[in-house]
Amino acid sequence: MTIRINTILILSCFLLTFGSCAESQGQVPDAVQRNFEQKYPGENDPDWHTDKNGNFEANFKIDGKKYRADYKPNGSWIETERSIDEDDLPKAILDVLEEKYDDWDINEVEEVQHHSKGMFYDVELKDGKDKKDVEFKADGQIIN
């Protein structure tokens, strides 16, 4: 009898845990899905995740390049990021990096389209244990 009850409890916990995970992944609000489809027509298979702020992140590819688009729960688009190579940065940014951050290593570079900042480049720099993100306009202007 005890074994049967324990088995039922374990099975119930398992179903609740995995059932709720599957349910939360399919819970992209209609407004988010609709606005994503309008912004990226033809992209019908993004991987959706929720970030720590409750925003929805769509991971997808266009022409083999990885993108991540972020949306508020009400459907408002926040930004779209695309990882790029350091060599793809505009020369003005490379000049500022050499002048001001020569002792730092470039860890990651993203091209970002933002709802209020427009287009900019986010460069993650690393110096030993220290990390910092510096945001640049294409002309080399630092905006953060």
Side-chain angles (χ1 to χ4, degrees), residues 5-144:
I5 292 173
N6 286 340
T7 303
I8 291 171
L9 286 173
I10 291 170
L11 184 57
S12 297
C13 289
F14 177 81
L15 290 173
L16 284 173
T17 300
F18 287 101
S20 65
C21 286
E23 198 173 82
S24 68
Q25 288 179 351
Q27 295 284 340
V28 177
D30 289 341
V32 171
Q33 186 68 42
R34 186 172 46 254
N35 288 344
F36 174 82
E37 289 170 2
Q38 287 175 353
K39 189 157 187 69
Y40 302 101
E43 175 52 52
N44 58 5
D45 192 26
D47 292 326
W48 288 101
H49 303 279
T50 307
D51 69 13
K52 64 182 179 189
N53 299 315
N55 295 318
F56 292 86
E57 299 177 347
N59 294 286
F60 58 101
K61 288 183 179 181
I62 297 176
D63 298 329
K65 296 177 183 172
K66 294 180 181 180
Y67 289 80
R68 188 187 89 211
D70 299 339
Y71 290 84
K72 292 181 181 179
N74 68 5
S76 299
W77 172 74
I78 301 169
E79 67 182 9
T80 302
E81 300 176 351
R82 175 175 73 98
S83 291
I84 63 170
D85 292 328
E86 176 182 344
D87 296 340
D88 293 331
L89 283 169
K91 183 179 180 335
I93 295 173
L94 292 171
D95 290 345
V96 173
L97 287 168
E98 186 177 329
E99 178 186 323
K100 291 188 175 192
Y101 301 100
D102 195 41
D103 294 339
W104 292 75
D105 293 323
I106 296 176
N107 198 39
E108 182 180 16
V109 180
E110 294 175 326
E111 181 183 76
V112 181
Q113 213 31 277
H114 191 270
H115 78 281
S116 64
K117 295 180 187 179
M119 214 280 273
F120 67 92
Y121 297 86
D122 183 0
V123 180
E124 182 182 284
L125 301 170
K126 188 174 182 180
D127 181 26
K129 293 181 182 177
D130 295 327
K131 283 185 183 180
K132 70 164 73 179
D133 283 292
V134 183
E135 296 175 352
F136 294 92
K137 287 292 191 178
D139 64 2
Q141 175 190 3
I142 296 172
I143 59 171
N144 68 333

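Note that these values count all heavy atoms, side chains included, but never hydrogens, waters or copies made by symmetry. From a predicted model like this one, the values you see are computed outputs, not experimental measurements.
Atom-to-atom distance recorded for Ile93:CD1 and Glu86:CD is 11.5 Å, nearest 0.5 angstrom. With rounding to the nearest 0.5 Å, the separation of CD1 in Ile106 from OH in Tyr101 is 11.5 Å. A distance of 12.0 Å separates CZ in Phe56 from NE2 in His49, rounded to the nearest 0.5 Å. Considering OH of Tyr121 and CZ of Arg82, their distance stands at 8.0 Å, rounded to 0.5 Å. To the nearest 0.5 Å, atom CG of residue Asp122 and atom CD1 of residue Ile84 are 10.0 Å apart. Taking CD of Gln33 as the start and CG of Asn35 as the end, the distance is 10.0 Å to the nearest 0.5 Å.
Of the possible donor and acceptor atoms, none in the side chain of Asn55 sits under 3.5 Å from a partner among the backbone N and O of Asp70. Panel note: side chain Asp139, backbone Gln141; a donor-acceptor pair is recorded below 3.5 Å. A donor-acceptor pair is defined here as one N or O able to donate and one able to accept, closer than 3.5 Å; such a pair exists between the side chain of Asn144 and the backbone of Asp133.
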- Message: Test ring pair (Phe, Tyr, Trp, His ring centres under 6.0 Å) on Phe36 and Phe60; report intermediate values, then the result.
- Response: CA-CA 11 Å; Phe36 174 82; Phe60 58 101; 5.2 Å; yes
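Scanning all heavy atoms of the two residues, the minimum distance from Phe136 to Ile143 falls at N-CG1, 4.3 Å. Residues Arg68 and Asn59 approach most closely at CG-OD1, 3.4 Å, considering heavy atoms. In this structure, Ile78 and Tyr71 approach most closely via the heavy-atom pair CD1-C, 3.8 Å. Considering all non-hydrogen atoms of both residues, Glu57 and Asp51 come closest at OE2-CB, 3.3 Å. Between Gln113 and Gly118, the shortest heavy-atom distance links the atoms OE1-C, 3.6 Å. Across every non-hydrogen atom of Pro90 and Ala138, the tightest pair is CB-O, 3.5 Å.
With contacts defined as side-chain heavy-atom distances shorter than 4.5 Å, the pair Tyr67/Glu43 does not qualify. Here the side chains of Val134 and Leu125 are in contact, with some heavy-atom distance below 4.5 Å.
Val112 pairs in a side chain to side chain contact (heavy atoms under 4.5 Å, CB included) with only one of the listed residues (Glu135, Glu79, Met119), which is Glu79.
Counting heavy atoms of neighbouring residues, nucleotides and ligands inside a 6.0 Å radius, atom NZ of Lys66 does not exceed 12 of them. Heavy-atom neighbours of Lys137 NZ from other residues, nucleotides or ligands within 6.0 Å: above the threshold of 12. Atom NZ of Lys65 is surrounded by 12 or fewer heavy atoms from other residues, nucleotides or ligands within 6.0 Å. For Gln38, the CD atom is densely surrounded, since the number of other residues' heavy atoms within 6.0 Å is greater than 12.
Ring planes of His115 and Trp77: perpendicular class, angle over 60° (limits at 30 and 60°).
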